[in-house]
Engineer: 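Handing you a structure now.
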Amino acid sequence: MKKSVVLVSLAIAAASIATASATFVTSNTKQAELERANRMENLSVVAVKNGDYELACRAQTQVVDALNKADPKGEDLIGSAVNQKTELCRKAATSAMNEYRFFAG
């Protein structure tokens, strides 16, 4: 009886440690992706201030990728990032066309 109680207790402890370890690894991965998203968002803001919409578009694309990997519970966060990416990439394309017209013509 005592041996079975000890074995069950050890099994529960091992399962708890395994679960805690998996949660810790997942948590660290999510945190790293959220930090990457934050850095890329800051780069995007600086690029927009400097009028570099192509760089802002690339940075915002990385934001969307990082948020998808972090898998936040708020879908509105990813939706907002996708909307910003769409707008910045549209401005980048418009800006590139205007530069082409200036040089071509």
Side-chain angles (χ1 to χ4, degrees):
M1 179 73 170
K2 290 181 183 179
K3 283 185 181 181
S4 64
V5 171
V6 170
L7 289 176
V8 169
S9 296
L10 287 174
I12 291 173
S16 296
I17 290 171
T19 302
S21 296
T23 302
F24 180 75
V25 169
T26 302
S27 172
N28 280 347
T29 302
K30 285 185 177 190
Q31 181 177 351
E33 291 301 327
L34 290 173
E35 288 172 355
R36 181 170 73 106
N38 187 36
R39 287 192 305 274
M40 290 295 107
E41 184 70 36
N42 288 339
L43 176 61
S44 179
V45 169
V46 170
V48 168
K49 285 182 181 178
N50 292 333
D52 190 349
Y53 291 105
E54 183 179 345
L55 177 59
C57 173
R58 289 193 314 246
Q60 196 64 30
T61 300
Q62 291 296 312
V63 169
V64 171
D65 179 58
L67 288 176
N68 281 325
K69 287 181 181 176
D71 194 29
K73 295 186 188 216
E75 290 298 319
D76 59 329
L77 182 64
I78 295 174
S80 175
V82 169
N83 290 342
Q84 289 174 1
K85 174 189 161 216
T86 302
E87 184 64 24
L88 288 172
C89 292
R90 185 188 60 75
K91 286 184 179 181
T94 302
S95 177
M97 285 176 32
N98 288 339
E99 285 181 24
Y100 176 75
R101 287 182 189 155
F102 178 74
F103 290 121

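Fair warning: this is a prediction, and the values are worked out from it, not measured in the lab.
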Engineer: Looking only at non-hydrogen atoms, find the nearest pair between L88 and A56 and report the distance.
Structural biologist: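 Where L88 meets A56 most closely, the heavy atoms are CD1-O, 3.9 Å.
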Engineer: Any side-chain heavy-atom pair from L67 and L34 closer than 4.5 angstrom?
Structural biologist: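 Yes. Closest side-chain heavy atoms under 4.5 Å.
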Engineer: Has T61 got a side-chain atom pairing as donor or acceptor with C57's backbone, closer than 3.5 angstrom?
Structural biologist: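 Yes; at least one donor-acceptor contact below 3.5 Å.
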Engineer: Do Y53 and V82 share a hydrophobic cluster (ILVMFWY, side-chain heavy atoms under 4.5 Å, transitive)?
Structural biologist: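 Looking at the clustering, V82 is in a separate group from Y53.
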Engineer: Taking NZ, NE, NH1 and NH2 as the nitrogens, is one of them in E33 or R36 under 4.0 Å from a carboxylate oxygen of the other?
Structural biologist: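 Yes, charged N to carboxylate O under 4.0 Å.
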Engineer: Rounded to the nearest 0.5 Å, what separates atom CG in D65 from atom NZ in K85?
Structural biologist: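 Rounded to the nearest 0.5 Å, the CG-NZ separation comes to 9.5 Å.
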Engineer: Mind checking whether Q60 and V63 have side chains closer than 4.5 Å, heavy atoms only?
Structural biologist: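 Yes; the side chains approach each other to less than 4.5 Å.
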Engineer: Count I, L, V, M, F, W, Y as connected when their side-chain heavy atoms are under 4.5 Å apart, and connections chain through other members. Are L55 and V64 then in the same cluster?
Structural biologist: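 Yes, L55 and V64 fall within the same hydrophobic cluster.
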Engineer: Let me confirm one number: the CG-CD distance from N38 to E35, rounded to the nearest 0.5 Å.
Structural biologist: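 It comes to 8.5 Å.
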